[in-house]
Amino acid sequence: MAYFDSVGEIKFRYWDPEKKILGKKMKEHLPFAMAWWHNLGAAGGDMFGSASADKSFGAVPGTMEHAKAKADAGFEFMKKLGLEYFCFHDLDLVPEAETLEETNARLDEISDYILEKMKGTNIKCLWGTANLFNNPRYMNGAGSSCSTEVYCFAAAQVKKALDITVKLGGRGYVFWGGREGYETLLNTDMKLEQENIAALMKMAVEYGRSIGFKGDFYIEPKPKEPMKHQYDFDAATAIGFLRRYGLDKDFKLNIEANHATLAGHTFNHELRVCADNGMLGSIDANQGDLLLGWDTDEFPFDVYETTFAMYEVLRAGGLTGGFNFDAKNRRPSNTPEDMFQAFALGMDSFALGLIKAAAIIEDGRIDGFVKNRYADWEKGIGADIRAGKTTLAQLSDMAVRLGKPAAPPSGKQEYLQRIVNEILFG
Ligand code: XUL
Ligand code: CO
């Protein structure tokens, strides 16, 4: 059965998968993925109203028939758009059953079904993850729970989600710390909770490697929502955590644009922090609304943002993961056609961002300006400081000898912004 016959051909303006940019195909720069949860699951419900879109795909929600209908619709959708990847949580694929055994049996069944659908296509799994935030058992957290029994359930879900990710050939495995945080320090042992999260991740790495998972584990930082304070606040915090617990060899980061802005950072700042630390893994490609303080998960539209993001990605030499549209249609955009318009918007916005970022690099004025700005550090005292050859006393003597430093050069921000506009708009 075809679900999207009513939707006409989708024409892209900038996305041209085979087109070469800086010597690499666009589709290699931009491995786009469909998020199972939003695209096949989210139907527009919010805390003030029920679903506005029909995502039943001809079956009764909560059944395995529906799980399979979602897979059918998902593959039809990806083929129609030329998407080559998908991402999933365990419980996006099947409805949770009364017992763990039954949920796991359902996951075996649906992963067989999906594997069959993948055959003969170029559709692959970008990453998998476990939903450790929806069930009320996780109200105090999963890896950070005060209950050892809940912790075991979290471990069981991670184990099974890893099994399914490996079975589907996933490139990565994500930990987004849904409820790994706290509401009040009055009831929280923050140190113990973080040590336990790290222990769960360590066991996940050991298990994953034992079943042949060769990809990267990812932490997806987010500062708040659903918890008031989440431990993986931002990229710098998550990297510090990974290093502290010896997880940095197996983990990289999955940076979500909307999470970056919730943390009070720009998207490109978070990407730069990862790249500078050799930990840029994957991207959840969406955008927030700067007037709203929550995670709106909009499809990317802001071409300044996609350009600056792609500038970081190109400078870093690309991602080991891909670009997952962790994004949903606005509630009133509730038709199947809207689902395609949303992805076309996101894909074109990133394709244009890629073209413009490559143009900024080829233009060379901005990179040249930055290089020149720090030229002092390549010679004389600058080179000595960089090489660790100086003492504080030597530098103090030098300052005394100089009397006063040369006038510091202009930062030329407005000049640089004019270059960006010139490249973006001609
Ligand atoms: C929530 C979020 C998640 C993760 C996967 O804000 O981004 O969907 O991407 O658990
Ligand atoms: Co996300």
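Given the structure is predicted, the values throughout are model-derived calculations rather than measurements. Both ligands and their constituent atoms are indexed starting at 1 by order of listing.
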query = For M203, does the CE atom sit with more than 12 other heavy atoms under 6.0 Å from it, leaving out its own atoms?
reply = yes

remark   = Contact region, D295 to ligand 1, non-hydrogen atoms below 4.0 Å, reads side chain

message = List the residues meeting salt bridge (Lys or Arg N to Asp or Glu O under 4.0 Å) with R179, not counting sequence neighbours, and say none if there are none.
response = none

task = May I ask you to identify the nearest protein heavy atom to atom 5 (C) of ligand 1, giving residue, atom name and distance to one decimal place in Å?
result = H89 NE2, 3.2 Å

request  = Classify the side-chain pair N131/D90 by whether it contains a donor and acceptor separated by less than 3.5 Å.
outcome  = no

inquiry  = Tell me the protein heavy atom at minimum distance from atom 9 (O) of ligand 1, and give that distance in Å.
reply    = E220 OE1, 2.7 Å

Sphere of radius 2.8 Å around the Co ion (ligand 2) - protein N, O or S atoms inside = E220 OE2, E256 OE1, D284 OD2, D326 OD2

ask   = Which bit of E225 gets closer than 4.0 Å to ligand 1, counting heavy atoms only: side chain, backbone, both or neither?
value = neither

message = Using a 6.0 Å cut-off, check whether atom CZ of R418 has over 12 heavy atoms from anything other than its own residue.
response = no

Pair Y138-Q157, side-chain donor/acceptor within less than 3.5 Å = yes

remark   = To atom 6 (O) of ligand 1, the nearest of K222, Q230, H38 on a heavy-atom basis is K222

task = Go through Y182 and D189 one step at a time and tell me if the side chain to side chain donor-acceptor pair (under 3.5 Å) criterion holds.
result = CA-CA 9 Å; Y182 63 81; D189 185 338; over 6 Å; no

ask   = Is K252 salt-bridged to D216, going by a charged N under 4.0 Å from an acidic O?
value = yes

inquiry  = So that I can tick it off, tell me whether E28 and K25 are bridged by a salt bridge, with the cut-off set at under 4.0 angstrom between side-chain N and carboxylate O.
reply    = no

task = Could you tell me how the ring of Y304 sits relative to the ring of F425: parallel (under 30°), tilted (30 to 60°) or perpendicular (over 60°)?
result = perpendicular

Ligand 1-proximal atoms of D284, by part, heavy-atom distance under 4.0 Å = side chain

Within-shell test, D326 vs ligand 1, heavy atom, strictly < 4.0 Å = yes

